[in-house]
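I have placed the structure first, in the form of structure tokens, so that the comments after it can refer back to it.
Atoms within each ligand, like the ligands themselves, are counted from 1 in listed order. Bear in mind that the values here come from a model prediction, so they are computed numbers and not experimental data.
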Amino acid sequence: MWYKNEVSKSLGIQYPIIQAGMAGGVTTPQLVASVSNSGGLGTLGAGYMSVTGLQEAIKQVKKQTDLPFGVNIFIPEAPQYNEEQVNLMGKLLEPFKKELNVLNDSQGIKNEIDFEKQIETLIEEEVPVCSFTFGSPPKEIMKELKREGIKVIGTATTVEEALINQECGVDMVVAQGSEAGGHRGTFNGTYEDSMIGTFSLIPQAVDAVKIPVIAAGGIMDGRGMIAALALGAKGVQMGTAFLTMKESGAKDLHKRAILQAEETSTTLTSVFSGKPARGLSNTFTNVMKKYENQLLPYPIQNELTKEIRKVAGNQNNKECMSLWAGQSPRLSKDVYAHELIDSIVKEVEEGLHKLTR
Ligand SMILES: Cc1cc2nc3c(=O)[nH]c(=O)nc-3n(C[C@H](O)[C@H](O)[C@H](O)COP(=O)(O)O)c2cc1C
């Protein structure tokens, strides 16, 4: 059977279909549990979660499924910046704050994410799978996770990053092509050099590493899954396809914008967070583009634009929200997660039959 392979066996799932951990509220416990209950691997996007938020979300997932699920977290970074840069960015963001009537903006820069505590929580809660982005997990943490029997998934945007992940001891690695929605996982080398399309990245990563490679970026249906398997990937990770699911916590406006978007609708932008990410172009990405050189590093820029994004979301103003999406929005669907997974499985089976007839 095409779906019985190292990835599905190692993760204890039926189909090697992973719902990407998407930080920022998309991956509700309902979505995660629904994907796991349908034979895939649901993943909580916990990158921005506090420890209590993470504990609560894990408990909610466990209430809804007994099957394996994952938690995705961010490898922390040490941003270099000064007050002067912060003040300048504050001025550049002022017109948006005025326009949106952002009142509650005096909280300053807070970075309350405690990576070590997030890891402790995963261990305490006996989470079966942990995936990382923005770097490879430190050796000590890898040892701890392995000792607890937690499966670890890394993220790479180049062959070199896949090799670094392998060296670090991860069980499998997601190869994220440039089509992918959301933030680039790049951590070694420049973002520009790491914009490798899924079709190029997967076979080269597969040839270079011994661990299983999971394809990500632009995959939305059975055709994409067959292509990924044909290129040597042992599974797929999909973000945009799951974002528009009925159980997803993405705002309706965001879902609708993706459902109506075209392949040319996205852009790679750092203006929201200080780190390149793919999303639908809007007024904020277009206007702020000219200030790319003045952006603060991640996660400081993310903090500075937080209130703007929040207020815009509350006002249903998609022109100032980050509308993360990959390059295949025409293939997105407004259905339940089990319907998406069932259709992928059916399409793969029919597609393989056609190819071998
Ligand atoms: C809204 C959104 C948020 C994302 N957040 C994360 C995240 O928190 N962690 C992560 O490893 N990847 C994240 N990603 C990237 C996915 O892991 C994956 O690489 C990407 O979705 C694949 O491309 P696709 O969107 O075309 O399926 C995000 C993607 C989207 C669309």
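A heavy-atom cutoff of 4.0 Å around ligand 1 is satisfied by the protein residues Ala20, Gly21, Met22, Ala23, Asn72, Phe74, Thr133, Gln176, Ala180, Gly181, Gly182, Ala216, Gly217, Gly218, Gln237, Met238, Gly239, Thr240, Leu243, Trp324, Gly326.
For residues 244-261, the set of pairs meeting the salt bridge (charged side-chain N to carboxylate O under 4.0 Å, His left out) definition, not counting sequence neighbours, comprises Lys246-Asp334.
Looking only at atom types and distance, the side chain of Arg278 has a donor-acceptor partner in the side chain of Thr266 under 3.5 Å away.
With sequence neighbours excluded, no residue forms a salt bridge (charged side-chain N to carboxylate O under 4.0 Å, His left out) with Lys318. Every ring pair (Phe, Tyr, Trp, His ring centres under 6.0 Å) that Phe272 has, sequence neighbours left out, goes to Phe284, Trp324.
Remark: the backbone N or O of Ser8 is paired with a side-chain donor or acceptor of Asn5 at under 3.5 angstrom.
Ring to ring, Phe134 and Tyr298 are close: their centroids are under 6.0 angstrom apart.
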